[in-house]
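This report refers to the structure that appears directly beneath it.
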Amino acid sequence: MIQKNSTHDVTFTDLTHDAMGVAKIDGFPVFVKDALKGEKGQIKIIKVNKNFAFGKLLTLHEPSPFRKKPICEHFDTCGGCNIMHMNYEMQLSFKKHRVKETLKKISGISPPIGNTVAMNNPYYYRNKAIIPFGEQDGRVVAGLYKSRSHEIVDLRRCHIFPKIYSDIIRAVKALVIEHDIDVYDEETHDGLLRAIMLRHSESTGDISLTFIMTSGKLPKKEIIIQSIVERFPVISNINVNINQDKTNVLLSSKSKTLYGKDEMKDTLLGIEYTFNHRSFYQINPAQTEKLYRAAIDLADLKKTDTVIDSYCGIGTIGLTAAKHVKAVIGFDVVKDSIRSAQLNAKNNDIENARFIQGKAEDVLPDLKSEQVDVLFIDPPRKGCHKEFLDTVIAMGIPKVVYISCNVSTFARDTSILNAGGYKVTSVTPFDMFPQTSHIETLALLTK
Ligand SMILES: C[S@@+](CC[C@H](N)C(=O)[O-])C[C@H]1O[C@@H](n2cnc3c(N)ncnc32)[C@H](O)[C@@H]1O
């Protein structure tokens, strides 16, 4: 039996889905953070479970030729990025491999998988950041959580957010300290400021700042707003989001605007979108354009087609498809998003798209009588409701274009569609989240 604190010389033979190196000691798997496949090193066992253990890399005897020195000073502790130690070529092939293995393991299929579509500059891409605030040893800290914990890593500079975010986070932290604003304590549920959220529009340059707090009253409101907008004129909107719940979900549905208009605008593939700080919007605009273009191509749309954009958010996929087809029907559970989708159709003179608010699993059965040619599915990480997939099968929609941000639930849903007569004919990973092990996948399923 492997012992805690024992040290071992090992060779890493694989990587887990979240990019931990896998070594076997007498057949017993040990998972080690920041170790790459093919590397040899010395590890210390830090935790032993029934079927596997966790180790810590002490010395690297033989580094992988694909290893890269992370450009971030926080990489060792921060949970934001977990594959910055792989060069970009390896990040891309790791993602392709994960998609292949997951489909094989969960859905028992081995379709051809395209190469991961790369980003030109795989840094500074993430247009949305939620930064928790807390206190450590009497000091205010603000940053991302350590991996698998709620301990905040006090962030000096982040290399996946736009560069200006690091300056804004530090400036807000300085104001919080200067004006003695109480930060939230997750354990005792005391305090006011839980986090801030930043969102950025690539096309206008505007930034929206939201204070996520346990009450709607920002102390020293005028002074704080004035110092923020004077220093960062690109901040065009400041909100308070009120969240009094003991929950991990930081953003609630209750907000009020303190400065500017609660409205962002961004352009994707020539269509201008308006949305507010609570609506879903893809976090990597450069890759989103590539993804949507590929999704539209894959659907091979015809002027006579009726298309459904399920889980449509603010309508981006459906409105991109609209000019190629006869009609688009979109639906999403979030009311704000549907209102934005309707407004976006109107503002862009798109008259053949309509949007319905509701859960996908409730709305699709109501559309059973429609002759639908193509269905776009872009669900949240938890994937689709079984009832939704059963309805897709019952309707016999000939083409399904599935966009997924979680390959495990994609594989699970694919199995259900597979059993209902759908075949996966194309799968391509897109690198929407460089430096992290998250994968976006685009697939075509045909009846
Ligand atoms: C990954 S986002 C995709 C949004 C949009 N297609 C895009 O590219 O911006 C998933 C969307 O599903 C919505 N959603 C979550 N659960 C849902 C459900 N049960 N029914 C309908 N929409 C849902 C969320 O509000 C979110 O807008």
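Ligands are counted one by one from 1 in listed order, and the atoms in each one are counted from 1 as well. The analysis underlying the following values was restricted to heavy atoms, covering all of them including side chains, and did not include hydrogens, waters or symmetry mates.
If you check each of Gly358, Ser404, Cys405, Pro379 against atom 1 (C) of ligand 1, the one with the closest non-hydrogen atom is Pro379.
No side-chain heavy atom of Ser255 sits less than 4.5 Å from a side-chain heavy atom of Asp262.
The shortest N/O to N/O separation between Asp332 and ligand 1 falls below 3.5 Å. Between Gln282 and ligand 1, at least one N/O pair is under 3.5 Å apart. The shortest N or O to N or O distance between Tyr292 and ligand 1 is below 3.5 Å. Considering backbone and side-chain atoms alike, Val334 places every N or O at 3.5 Å or more from each N or O of ligand 1. Between Ala360 and ligand 1, at least one pair of N/O atoms sits closer than 3.5 Å. Where the criterion is an N or O separation shorter than 3.5 Å, residue side chain and backbone included, Lys382 fails it with respect to ligand 1. Taking distance alone, with nitrogen or oxygen atoms compared against 3.5 Å, Tyr311 approaches ligand 1 more closely than that limit.
At a heavy-atom cutoff of 4.0 Å, ligand 1 is contacted by the backbone of Cys312 but not by its side chain. Of all the heavy atoms of Glu361, the ones lying under 4.0 Å from any atom of ligand 1 belong exclusively to the side chain. Residue-level proximity to ligand 1 for Thr316 is carried by the side chain, the only part with a heavy atom below 4.0 angstrom.
A donor and an acceptor atom, one from each side chain of Lys265 and Thr274, are located under 3.5 Å apart. A side-chain N or O of Asn237 and one of Asn239 form a donor-acceptor pair less than 3.5 Å apart. Lys326 and Asn352 form no side-chain donor-acceptor contact under 3.5 Å, judged by distance and modelled atom types alone. Under the 3.5 Å distance criterion, with hydrogens and angles disregarded, no donor-acceptor pair is assigned to the side chains of Asp336 and Ser279. Under the 3.5 Å distance criterion, with hydrogens and angles disregarded, no donor-acceptor pair is assigned to the side chains of Ser404 and Asn406.
For Gln136, the CD atom counts as densely surrounded, since its 6.0 Å shell holds more than 12 non-hydrogen atoms of other residues, nucleotides or ligands.
In this structure, atom 16 (N) of ligand 1 lies nearest to the protein heavy atom Pro380 CG, 3.8 Å. Nearest protein neighbour of atom 3 (C) of ligand 1, counting heavy atoms only, is Asp378 OD2, 3.2 Å. Here the protein heavy atom with the shortest distance to atom 14 (N) of ligand 1 is Val333 CG1, 3.7 Å.
Lys399 and Asp305 are not joined by a salt bridge, as no carboxylate oxygen comes within less than 4.0 angstrom of a charged side-chain nitrogen.
Remark: ligand 1 atoms within the under-4.0 Å shell around heavy atoms of Gly313 are 4 (C), 5 (C), 27 (O).
Aromatic ring orientation, His189 versus Tyr184: perpendicular (interplanar angle above 60°, classes split at 30° and 60°).
A cation-pi contact links Lys33 to Phe75, judged by a cut-off of 6.0 Å to the six-membered ring centre and 45° from its axis.
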